[in-house]
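Report on the following structure.
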Amino acid sequence: MASVLVVTEVNNGAIRESSLELVSFARKVAESSGREVKSLVIGSGVDGIAGEFAGKGGGETLVVDSADAANYNVDVYKKAILAGVEAAGADLVLISNTPQGWDVAPRIAAALDCAFVSDCTNVEASGSSTTFTRRVFNGKLDAQLSVEGTAVASVQPGATEPFAGSADGSTTALDADVSGARAKFVEIKQSESTGIDLTKADVVVSGGRGVGDPDKFAEVIQPLADALGGAMGASRPVVDAGWLPHAHQVGSSGQVVTPKLYVAAGISGAIQHLVGMKGSNFIVAINKDADAPIFEIADVGVVADLFEIVPALTEAANAAKG
Amino acid sequence: MKVMVCLKQVPHQDARLDVNADGTWIQDGNIKFEINSYDTYALEEALKIKDAGEADVVVVSIGPDRVTQALRTALGMGADRAIHVKDDDADLSDTLGCAKILAAIAKEENPDIVFTGFMSDDGNFSAVAPMLAELLDLPSATGVLSVEVGDSLKCERELEGGALEVVELPKPCLAAIQTGANQVRYASLKGIMQAKKKPVDVKTMADLGVSDAGAGAVKAKIEKVYVPPKGDSAEILSGSTDEIVGQLVTKIKELGVL
Ligand SMILES: Cc1cc2nc3c(=O)[nH]c(=O)nc-3n(C[C@H](O)[C@H](O)[C@H](O)COP(=O)(O)OP(=O)(O)OC[C@H]3O[C@@H](n4cnc5c(N)ncnc54)[C@H](O)[C@@H]3O)c2cc1C
Ligand SMILES: Cc1cc2nc3c(=O)[nH]c(=O)nc-3n(C[C@H](O)[C@H](O)[C@H](O)COP(=O)(O)OP(=O)(O)OC[C@H]3O[C@@H](n4cnc5c(N)ncnc54)[C@H](O)[C@@H]3O)c2cc1C
């Protein structure tokens, strides 16, 4: 029987929650396409966690346990995954779209000369055909892709619930040759303390690329943050362009905030921004494009020019405070 | 030293995106295009190496006629040469097809370093770079925010929440550059004038001896592209600016932050 292989991710000695999300997709797909679910755990000293994972729905769990895999290394992981695919007889490989996943997954597809689909939000299968859903154009459109035959897919973390049941599983040590790595891991640097802690603010007012001009942050966005007693945030392009320091960035590569009120002005709502603010209690989005994905997650939306709404709101908020 | 930079031209970030008649891509006839944002940072990283010493920077792009504009801009910014894969079928390649075409060029050029963008702003696959590295049997790193060039390339990879992973790659190697890695320069007037004299080689897949790319080699077929279905979306406020602001103030007061 062909199998769907879940490539797990080990971080700080534990298997990442997104690996259990892969199990949810894998079990669904296995059922509809007559495949078996198998998993792969790569790391050093990972026998114990691999055993646990096998019992949490991972099924037959292959383990590549090697001192060379103590830290993520693209060359080591590529060899380990290719060995896992072969040992599992897998023709569908699922891996989380994380800094490890996006570094190694496309190499697996190239090595297997097979289809590759990235950052999927859904996977469906029937027989030998598999259908994937993913965002394109930074979230402005969705695409559906179909594959006949072997595929490697990376899956967006949070796209589905982690599998929460238990099932029979077992572990098998895989004797893969992972030597000869050329890339050399040096160190992980944690982010320096940033100066502004957006995570403590009750209100965050963020501006995006739609603000259009560095001066407008001081003139338009900061005054609303002040009027609401909050802090100013930003999307990534604002920080990349040097308009605001990184300390203001909200999102997967910035801060994750959960204020009482989050205002997004001139921000389209790409997934990497959404993961940084979707836990906010109340979200107001101001965007001139009615189709902007930010409106999908907002509680209240205003389809208009932010330069009309934001200054008027600042004035009204100041007046309301008396 | 030779640095090869892969550039893709994509719809301008402010272009209106309408789905095409057969629902499989966007209507791209009447919109503005620009160099993929990630790729401008990749090019800047190459030009920094050139500024610091000796490097020959060759930019490569697969795409239709309009791509000439992107390549001229790159030459105006300081790249030395350009290679344009102009081939209607090549344009329809999937990520692995693109990687195979770029690999054929890299085999002719033998660069010490290949830079690409981390992701394209249209397809969003983030896949061509690691695939290209695999096909060329090169070590690689993705999501790279800074590089230090010596005998090897020391790369800082962006992880989540602001952490960085430092990894060292022996040359030749490939790095996929993330946005914000540097401050991208503009093409100067002088640069643009000089660019007119710089060579742009035009090639087809046949010239490169690549047959397993293009529409016929697509392994994951885009069945449809569509506006994401509206789920439990926001309540959209309407009325005059004053009325909208009045409603917002009421809601904000209910939250207890005013
Ligand atoms: C690995 C990775 C990590 C990332 N991390 C982050 C992150 O931490 N945070 C983050 O934000 N992004 C991150 N990104 C980038 C992300 O994919 C998007 O590119 C980014 O969020 C887009 O920012 P934006 O919404 O400001 O710009 P755009 O997508 O360009 O949107 C601008 C919006 O402004 C609107 N607009 C323009 N003018 C006006 C006006 N006058 N009035 C009202 N509306 C207007 C437009 O309609 C548009 O919707 C990351 C990407 C990757 C690949
Ligand atoms: C009409 C049409 C139909 C299509 N149908 C399909 C389909 O059915 N299935 C499918 O998988 N794809 C299809 N594609 C292609 C797909 O949309 C992507 O363009 C392609 O797969 C490359 O992916 P990406 O641009 O997201 O690359 P990414 O992997 O995100 O790009 C990363 C980096 O690789 C480099 N790069 C990427 N493309 C180029 C290039 N052209 N020239 C130079 N460097 C480049 C750049 O440095 C870029 O930053 C179609 C395209 C068109 C126009």
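Chain letters run A, B, ... following the sequence lines, proteins first, then strands; residues in each count from 1.
- Contacts between Val19(B) and chain A at a heavy-atom distance below 4.5 Å involve the side chain alone, from C-beta outward.
- Of the residues considered (Gln190(A), Glu148(A), Glu187(A)), Glu187(A) shows the highest number of contacts with chain B, using heavy-atom pairs under 4.5 Å.
- The two atoms that bring Ala220(B) and Leu145(A) nearest to each other are O-CD2, 3.7 Å, heavy atoms only.
- With a 4.5 angstrom heavy-atom cutoff, Ala227(A) touches chain B only via backbone atoms.
- For the atom pair CD (Glu160(B)) and CD (Gln272(A)), the distance works out to 11.0 Å, reported to the nearest 0.5 Å.
- Highest contact tally toward chain A, considering only Glu156(B), Gln247(B), Gln13(B), Lys253(B), is held by Gln13(B) [criterion: heavy-atom pairs under 4.5 Å].
- For the pair Asn124(B) and Gly139(A), the tightest heavy-atom approach, listed with the atom from each and the gap, is OD1-N, 4.2 Å.
- For Ile252(B), the part lying near chain A is the side chain, with the backbone staying farther off; criterion is any non-hydrogen pair under 4.5 Å.
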| Stepwise side chain to side chain contact (heavy atoms under 4.5 Å, CB included) check, Val167(B) with Val186(A) | CA-CA 5 Å; Val167(B) 58; Val186(A) 181; 5.7 Å; no
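- Counting all heavy atoms, side chain and backbone alike, Gly301(A) lies closest to Ala234(B) at N-CB, 3.7 Å.
- Most heavy-atom pairs under 4.5 Å with chain A, from the set Ser238(B), Pro228(B), Gly143(B): that is Pro228(B).
- Lys100(B) places a side-chain heavy atom less than 4.5 Å from the side chain of Asp113(A).
- When the candidates Leu169(B), Leu135(B), Val227(B), Leu17(B) are compared by the number of heavy-atom contacts under 4.5 Å with chain A, Leu17(B) comes out ahead.
- For a residue to count as touching a neighbouring chain, one of its non-hydrogen atoms must lie under 4.5 Å from one of that chain's; by this rule Ala312(A) touches chain B with backbone and side chain alike.
- For Glu315(A), the CD atom is loosely surrounded, since the number of other residues' heavy atoms within 6.0 Å does not exceed 12.
- Atom NZ of residue Lys251(B) and atom CG of residue Leu261(A) lie 12.0 Å apart, to the nearest 0.5 angstrom.
- Heavy-atom distances place no part of Ala285(A) under 4.5 Å from chain B, backbone and side chain included.
- A salt bridge does not link Lys140(A) with Asp122(B): none of the charged nitrogens is closer than 4.0 Å to a carboxylate oxygen.
- Using a 4.5 Å cut-off between heavy atoms, Gln183(B) touches chain A through its side chain atoms alone.
- Interatomic distance, OG of Ser253(A) versus CD of Gln178(B), reported as 6.5 Å (0.5 Å rounding).
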| Do Asp240(A) and Tyr41(B) pass the side chain to side chain contact (heavy atoms under 4.5 Å, CB included) test, and can you show the C-alpha distance, the side-chain angles, and the key distance before you say yes or no? | CA-CA 10 Å; Asp240(A) 286 343; Tyr41(B) 294 92; 3.5 Å; yes
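- Both the backbone and the side chain of Val300(A) come within contact range of chain B, with heavy atoms under 4.5 Å apart.
- Between Pro139(B) and Ala183(A), the shortest heavy-atom distance links the atoms CB-N, 4.4 Å.
- The CG atom of Leu112(A) lies 10.5 Å from the NZ atom of Lys219(B); values are rounded to the nearest 0.5 Å.
- Atom CG of Asp151(B) has 12 or fewer neighbouring heavy atoms from other residues, nucleotides or ligands inside a 6.0 Å radius.
- When all heavy atoms are compared, the tightest approach of Ser140(B) to Val74(A) is O-CG1, 3.6 Å.
- Heavy atoms of Ser146(A) lying under 4.5 Å from chain B belong to its backbone as well as its side chain.
- Using a 4.5 Å cut-off on side-chain heavy atoms (C-beta onward), Ile222(B) and Val136(A) make no contact.
- In this structure, the separation between CG on Leu159(B) and NZ on Lys189(A) is 11.5 Å, given to the nearest 0.5 Å.
- Interface remark: of the candidates Arg209(A), Lys260(A), Gln100(A), Gln249(A), Arg209(A) forms the most heavy-atom pairs closer than 4.5 Å to chain B.
- Interface remark: Thr150(A) contributes no atoms to any contact with chain B (heavy atom separation under 4.5 Å).
- Of the two parts of Asn281(A), only the side chain, counted from C-beta on, holds a non-hydrogen atom closer than 4.5 Å to a non-hydrogen atom of chain B.
- For the pair Pro99(A)/Glu158(B), no side-chain contact is recorded, criterion being any heavy-atom separation below 4.5 Å from C-beta on.
- Heavy-atom distances place both the backbone and the side chain of Ala317(A) under 4.5 Å from chain B.
- Ranked by heavy-atom pairs under 4.5 Å with chain A, the first of Pro11(B), Ser126(B), Ala133(B) is Ala133(B).
- Between Asp142(A) and Val225(B) there is no side-chain heavy-atom pair separated by less than 4.5 Å.
- The choice from Gly276(A), Ala105(A), Ala110(A), Gly230(A) that makes the most heavy-atom pairs within less than 4.5 Å of chain B is Ala110(A).
- Ala316(A) approaches Val249(B) most closely through the heavy-atom pair CB-CG2, 3.7 Å.
- At distances below 3.5 Å, at least one donor-acceptor pair connects side-chain atoms of Asp103(A) with backbone N or O atoms of Thr142(B).
- Interface check for chain B: of the options Asn138(A), Val203(A), Val275(A), the most heavy-atom pairs under 4.5 Å are formed by Asn138(A).
- Shown here is Arg66(B), whose CZ atom has more than 12 heavy atoms of other residues, nucleotides or ligands within 6.0 Å.
- For Arg16(B) and Asp291(A), the salt-bridge test fails: no basic side-chain N is under 4.0 Å from an acidic carboxylate O.
- The line from CD1 of Ile236(B) to CZ of Phe295(A) is 5.0 Å long, rounded to the nearest 0.5 Å.
- Contact annotation for Asp94(B): neither backbone nor side-chain heavy atoms come within less than 4.5 Å of a heavy atom of chain A.
- More than 12 heavy atoms of other residues, nucleotides or ligands lie within 6.0 Å of NZ in Lys171(B), so this atom counts as buried by the packing criterion.
- Neither the backbone nor the side chain of Leu132(B) has a heavy atom closer than 4.5 Å to any heavy atom of chain A.
- Between the Arg236(A) side chain and the Thr179(B) main chain, a donor and an acceptor come within less than 3.5 Å of each other.
- The salt bridge (Lys or Arg N to Asp or Glu O under 4.0 Å) pairs that include a residue from residues 133-143 of chain B are Lys78(A)-Glu134(B), Arg107(A)-Glu134(B), Arg182(A)-Asp137(B), where partners are two or more places apart or lie in different chains.
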| request: Could you walk me through whether Glu235(B) and Asp299(A) pass the side chain to side chain contact (heavy atoms under 4.5 Å, CB included) test, one step at a time? | output: CA-CA 6 Å; Glu235(B) 172 197 349; Asp299(A) 295 285; over 6 Å; no
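- Of the listed residues (Val128(B), Leu153(B), Leu138(B)), the one with the most heavy-atom contacts under 4.5 Å to chain A is Leu138(B).
- Heavy atoms of Phe282(A) lying under 4.5 Å from chain B belong exclusively to its side chain.
- Ranking Ala109(A), Gly242(A), Cys114(A) against chain B, the residue ahead of the rest is Cys114(A), based on heavy-atom pairs under 4.5 Å.
- Using a 4.5 Å cut-off between heavy atoms, Pro229(B) touches chain A through backbone and side chain atoms alike.
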